[in-house]
Amino acid sequence: YELGVNVDVLSIDKDFSQYDMLVIPNMQLVTVDFYNRLLEFSKQGKTIVFGYRSGIRNKNNNMRLGKNILEDMIGATVEQYEALGNATDLSVTYNKLDYSLSVWRDILRVGSATEIVAYNDYGFEDKSCVTKNVFNNSQIYYFGASLDHQLSKSIFKSILDNAEILTYESMNERIALSGAVFEINHTFKDVNGFNPISYARQS
C-alpha cells in the first residue's frame, strides 16, 4: 500500500496465473495441490514472496515432519525457530543500518538461495533471515522473521524493482486504468498537495 502497488487478495482456489507477483505471508498450511500450482506459476519467470512458518503443515493441519514442502523452491532449510514476543534486543543489519526483530524468526541455512539479510546474534552469525532463490526462472523470496516495518518496506521496494513492477510512494491511493494513472486522496485533509476527497489524473 505504501509503495503504491494495487493488490488483489485472493482465496487460494482462485486462478493467480495472470499475476506478476504473489505474496504469501505466513501460510502454514500448504497442500500438495497448491504447491503444484505454485510450481506452474514459477515456470513463468515471475516472483513469489513467502513469509515465515510457510509450508509447515499439510492438508490435515498436521505438522510436516522432516523436509518442508517449500524447501526446494525457497532454496533454504529452516534449521530452528524461535518465538520472540513483541519486543527483543535482537536486530539484523541491512544496508549498514540495524533493525529490530519481534514476534518470530526462522533460522535459515541457505542451499541454492542467496542471503539478503543475515542474523548477527551470537551462535547464528552464519544463518540467514531473508533469502532469495532462483527457481524455475522465477525469483523466490523467503522472509524468515517478523521484520521492522521500514526494513520490510525497503526489501519489498527492491523486490518490486527487480520484478519491474512500478512503485509510487504516496499516502494517496494510486490506480492505473487504461493507460492513465490516477492518484486519489480518500481523507478529509490535504495529502501531498491533493485536496480532501479528490483525485488527479497523472498521465
Side-chain angles (χ1 to χ4, degrees), residues 1-7 9 19-28 46-56 68 70-71 73-135 138-174 183 185 187 189 191-194:
Y1 174 80
E2 292 183 17
L3 293 171
V5 179
N6 295 309
V7 300
V9 180
Y19 290 92
D20 295 318
M21 178 173 168
L22 296 179
V23 179
I24 306 173
N26 316 110
M27 188 174 183
Q28 294 190 30
K46 298 184 178 182
T47 302
I48 305 175
V49 183
F50 292 103
Y52 58 90
R53 303 293 279 161
S54 293
I56 64 171
N68 187 304
L70 300 176
E71 186 172 309
M73 185 175 285
I74 67 174
T77 301
V78 178
E79 289 195 335
Q80 300 179 57
Y81 51 83
E82 183 178 12
L84 301 178
N86 292 328
T88 71
D89 59 357
L90 296 176
S91 65
V92 292
T93 303
Y94 180 72
N95 288 343
K96 300 181 179 180
L97 296 175
D98 292 334
Y99 298 91
S100 62
L101 295 176
S102 62
V103 183
W104 188 272
R105 67 172 176 171
D106 291 343
I107 308 298
L108 297 168
R109 174 174 53 82
V110 296
S112 59
T114 57
E115 181 178 87
I116 295 177
V117 178
Y119 291 115
N120 52 27
D121 52 306
Y122 179 75
F124 299 118
E125 300 94 335
D126 62 341
K127 297 299 187 292
S128 303
C129 175
V130 181
T131 60
K132 174 186 177 181
N133 192 37
V134 178
F135 181 84
S138 284
Q139 310 296 311
I140 312 295
Y141 297 85
Y142 190 90
F143 282 60
S146 181
L147 303 178
D148 172 271
H149 177 78
Q150 287 303 317
L151 173 56
S152 181
K153 183 177 178 180
S154 295
I155 296 174
F156 264 105
K157 177 66 166 63
S158 176
I159 292 171
L160 289 161
D161 288 346
N162 289 337
E164 298 182 346
I165 296 174
L166 181 66
T167 60
Y168 184 81
E169 294 194 52
S170 172
M171 295 304 293
N172 297 322
E173 182 182 12
R174 185 173 179 271
E183 187 169 351
N185 177 6
T187 73
K189 60 183 180 181
V191 178
N192 294 349
F194 286 77

Report yes or no: do Asn120 and Thr93 form a side-chain donor-acceptor pair below 3.5 Å?
yes

key: Non-hydrogen side-chain atoms of Glu79 and Leu108 separated by less than 4.5 Å   = no

Side chains of Thr114 and Asn133: does their closest heavy-atom pair fall under 4.5 Å?
no

Output for pair (Met73 CE, Asn68 CG), nearest 0.5 Å, gives 11.0 Å

Rounded to the nearest 0.5 Å, the CG atom of Leu70 sits from the CD1 atom of Ile140 at a distance of 9.5 Å

Value for NE2 (His149) from OG (Ser154), rounded to nearest 0.5 Å, stands at 9.5 Å

* Asked: Run the side chain to side chain contact (heavy atoms under 4.5 Å, CB included) check on Tyr81 and Trp104 step by step: do they pass?
  -> CA-CA 8 Å; Tyr81 51 83; Trp104 188 272; 3.3 Å; yes

Quick one: does Val49's side chain get under 4.5 Å of Ile24's, heavy atoms only?
no

When rounded to the nearest 0.5 Å, the distance separating OG1 of Thr47 from CG of Asp20 is 8.0 Å

Distance col, row Leu151:CG vs Leu101:CG, nearest 0.5 angstrom, shows 8.0 Å

Sequence neighbours excluded, the answer for side chain to side chain contact (heavy atoms under 4.5 Å, CB included) partners of Val117 is Val92, Tyr94, Cys129, Val130, Ile155

Side-chain heavy-atom pair Val103, Leu84 within 4.5 angstrom cut-off: no

Exercise. Could you check if a side-chain atom of Asp106 sits within less than 4.5 angstrom of a side-chain atom of Arg53, using non-hydrogen atoms only?
Key: yes

Note to self: Evaluate Tyr142 against Lys132 for side chain to side chain contact (heavy atoms under 4.5 Å, CB included), listing each step before the verdict.
What the structure shows: CA-CA 7 Å; Tyr142 190 90; Lys132 174 186 177 181; over 6 Å; no

- Is any side-chain heavy atom of Tyr141 less than 4.5 Å from a side-chain heavy atom of Phe156? no

Practice task
Decide yes or no for Met21 and Ile48: does some side-chain heavy atom of the first lie under 4.5 Å from some side-chain heavy atom of the second?
Solution key: no

Let me see the working for Thr167 and Val5 under side chain to side chain contact (heavy atoms under 4.5 Å, CB included), right down to the final yes or no. CA-CA 6 Å; Thr167 60; Val5 179; 4.2 Å; yes

Is there a donor in the side chain of Asn86 and an acceptor in the side chain of Ser102, or the other way round, less than 3.5 Å apart?
no

Heavy-atom donor-acceptor pair, Ser91 side chain to Ser100 backbone, under 3.5 Å | no

Is there a side-chain contact between Asn26 and Gln28 in this structure, where contact means two heavy atoms from C-beta onward sitting under 4.5 Å apart?
no

Review point. Take atom CZ in Phe135; do more than 12 heavy atoms of anything else shown fall under 6.0 Å from it?
Key: yes

Here the pair of heavy atoms bringing Gly123 nearest to Glu125 is N-OE1, 3.0 Å

Residues 157-164, side-chain donor-acceptor partners within the protein, below 3.5 Å, at least two apart:
| residue | atom | partner | partner atom | Å |
| --- | --- | --- | --- | --- |
| Lys157 | NZ | Asp161 | OD1 | 3.2 |
| Lys157 | NZ | Asp161 | OD2 | 2.9 |
| Asn162 | ND2 | Ser158 | O | 3.3 |

To the nearest 0.5 Å, atom OH of Tyr99 lies from atom CG of Leu147 at 10.5 Å

Side chain to side chain contact (heavy atoms under 4.5 Å, CB included) filter on Asp121, not counting sequence neighbours, yields Leu90, Arg105, Tyr119, Phe124

